[in-house]
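What follows is a short report on a single structure.
Just so it is clear, the model here is predicted, and its values are computed rather than measured. A note on names: the letters A, B, ... follow the listed sequences, proteins ahead of strands, and every chain is numbered from 1.
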Number of protein chains: 2
Amino acid sequence: MKVEGSEVDRRLEKFKRAAKRAGFKLTHQRLEISREVASSLEHPDADAIFRAVQRRMPTVALDTVYRTLRMLDELGLVTTLGTRRESARFDANLGHHHHYICVRCGMARDFESSAFNALRIPAAAKSFGSVVATHVEIRGICGRCETKFARQSTPRKPNRPRGRHRRKT
Amino acid sequence: MKVEGSEVDRRLEKFKRAAKRAGFKLTHQRLEISREVASSLEHPDADAIFRAVQRRMPTVALDTVYRTLRMLDELGLVTTLGTRRESARFDANLGHHHHYICVRCGMARDFESSAFNALRIPAAAKSFGSVVATHVEIRGICGRCETKFARQSTPRKPNRPRGRHRRKT
DNA sequence: CTGACTGCAAACCCTTTGCAGACCG
DNA sequence: CGGTCTGCAAAGGGTTTGCAGTCAG
């Protein structure tokens, strides 16, 4: 299953413009990887993209795929599914609830809403299969980050919480 | 910020009952780790739980925390935040859209819904900070999995997609 | 041409696993 | 006491990084 051709082209053009504007070179690898991402409906992971691109460009390396995806992500040209990639986080609240997530610091909090609990599932979603649960995720900038970074411009992406979890070594 | 004491106790009792019923021994470590998870509102990750428990029980090891969390997860006593832990997945669809995710195989698909786009944010959520985006995640079992596993009982948890992404080695 | 980019390999982080001793029931 | 569980250390899987050669502009 693929994204319609004209839409792929539109996305690719946007990619090219944004990359050029940001001073990135338009290498073959980047174009092929971008095309693959732009044309997939399946929310592929880096390895899937790697394998697909490799078919057309056998010398490409997995880390180039990662680097390109990161570039696209930082330019705001793709998003990543689910909460940002970090360690798994646990939730002992088993009631039906929803989440507020700060895109800056990753802070997550539960909240309840009977309106959200009662959401009617659109037919488009039902067509994929049965429904077990629905859950609303609200992303924003939490109060603490808002005051802390008041004068920085809003970033496209949360600052990566890389290396936040120190180990005692 | 902590969960109210009586609620913590209630959760802990539930944990104990479930663990005992499933034939797990109630060791000090498991109880302390469970208590920590049950009393946190912050959706901690394994390392945060480890550090907290370590204060009261300096000999505890990080892997025991992981093992206990996995136990709680498998007993259905906690959930994990966001999509299941696996590799990062990318999405080139930048329009406002929502996701259907199969809890069996991890399949993810976009769908659109103007009703979902128009959701009114509850005050409870606004109190955490500003809102950038809201996104509905519908979890279910996709058509393919439904036919494939028609006679298996519904699992509490998706089958871990561990090692699904083969490398060519 | 020249700095940015790639491929390679090694490092890193989070998580899991094999093993021998410790402890619950 | 016996089998489960813990702590330790090492392995695993995904992702990132340092380096030297390569290529876009």
Listed partners of [X] passing salt bridge (Lys or Arg N to Asp or Glu O under 4.0 Å), at least two apart:
| X | value |
| --- | --- |
| R67(A) | D63(A) |
| K16(B) | E13(B) |
| E112(A) | none |
| R10(A) | E7(A) |

Protein-proximity profile, nucleotides 20-25 of chain C, B/S/- by nucleotide at the 4.0 Å heavy-atom cutoff, equals ----BS

Send over the distance from [X] [atom1] to [N] [atom2], rounded to a whole Å.
| X | N | atom1 | atom2 | answer |
| --- | --- | --- | --- | --- |
| M71(A) | dA4(C) | CE | P | 15 Å |
| Q54(A) | dT6(C) | CD | P | 16 Å |
| L69(B) | dT15(C) | CG | P | 9 Å |
| Y66(A) | dG7(C) | OH | C1' | 16 Å |
| D45(A) | dT16(D) | CG | P | 13 Å |
| Q29(A) | dA4(C) | CD | P | 17 Å |
| E32(B) | dC5(D) | CD | C1' | 16 Å |
| F50(A) | dG13(D) | CZ | C1' | 15 Å |

Are H99(B) and H43(A), when compared by the centres of their aromatic rings, separated by less than 6.0 Å? yes

Do any side-chain nitrogens or oxygens of T59(A) fall under 4.0 Å of OP1 or OP2 in dG7(C)?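 So the side-chain polar atoms of T59(A) do come within 4.0 Å of the phosphate oxygens OP1 or OP2 of dG7(C), strictly under.
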
Check the phosphate of dT6(D) against T64(B), side-chain N and O only, distance under 4.0 Å to OP1 or OP2. Yes or no? no

Does this structure show an ion pair linking E137(B) with R139(B), if we count only N-O contacts that are shorter than 4.0 Å?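 So E137(B) pairs with R139(B) through a salt bridge.
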
If you look only at distance, which donor and acceptor atoms sit under 3.5 Å apart when one is on a side chain in residues 18-42 of chain B and the other is two or more places apart or in another chain?
{"residue": "T27(B)", "atom": "OG1", "partner": "R30(B)", "partner atom": "N", "Å": "3.2"}
{"residue": "R30(B)", "atom": "NH1", "partner": "K25(B)", "partner atom": "O", "Å": "3.0"}
{"residue": "E32(B)", "atom": "OE1", "partner": "R56(B)", "partner atom": "NH1", "Å": "2.1"}
{"residue": "S34(B)", "atom": "OG", "partner": "R30(B)", "partner atom": "O", "Å": "2.7"}
{"residue": "E36(B)", "atom": "OE1", "partner": "R56(B)", "partner atom": "NH2", "Å": "2.6"}
{"residue": "E36(B)", "atom": "OE2", "partner": "K2(B)", "partner atom": "NZ", "Å": "3.4"}
{"residue": "S39(B)", "atom": "OG", "partner": "R35(B)", "partner atom": "O", "Å": "3.0"}
{"residue": "S39(B)", "atom": "OG", "partner": "E36(B)", "partner atom": "O", "Å": "3.3"}
{"residue": "S40(B)", "atom": "OG", "partner": "E42(B)", "partner atom": "N", "Å": "3.0"}

5′-ward residue of the pair R67(B)/R30(A) relative to DNA chain C: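 The residue whose closest nucleotide sits nearer the 5' end is R30(A).
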
DNA chain C: 5'-proximal contact among T68(A) and D63(B) (nearest heavy atom):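 That would be T68(A).
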
Residues which pass ring-ring contact (aromatic ring centres under 6.0 Å, His included) with F15(B), listed by chain and number, not counting sequence neighbours: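 ring-ring contact (aromatic ring centres under 6.0 Å, His included) list for F15(B), sorted by chain: empty.
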
Pairing residues for A124(A) by the side-chain contact (heavy atoms from CB on, under 4.5 Å) criterion, not counting sequence neighbours: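 Checked A124(A) against side-chain contact (heavy atoms from CB on, under 4.5 Å); matches are F111(B).
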
Over the length of the helix from dC1(C)-dG25(D) to dG25(C)-dC1(D), how much do the five-pair end axes diverge, rounded to 10 degrees?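 The end axes of the helix from dC1(C)-dG25(D) to dG25(C)-dC1(D) are about 40° apart, to the nearest 10°.
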
If you check every side-chain atom of R70(B), which of dT16(C), dT15(C), dT15(D) has the closest atom?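 Shortest atom-to-atom distance from the side chain points to dT16(C).
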
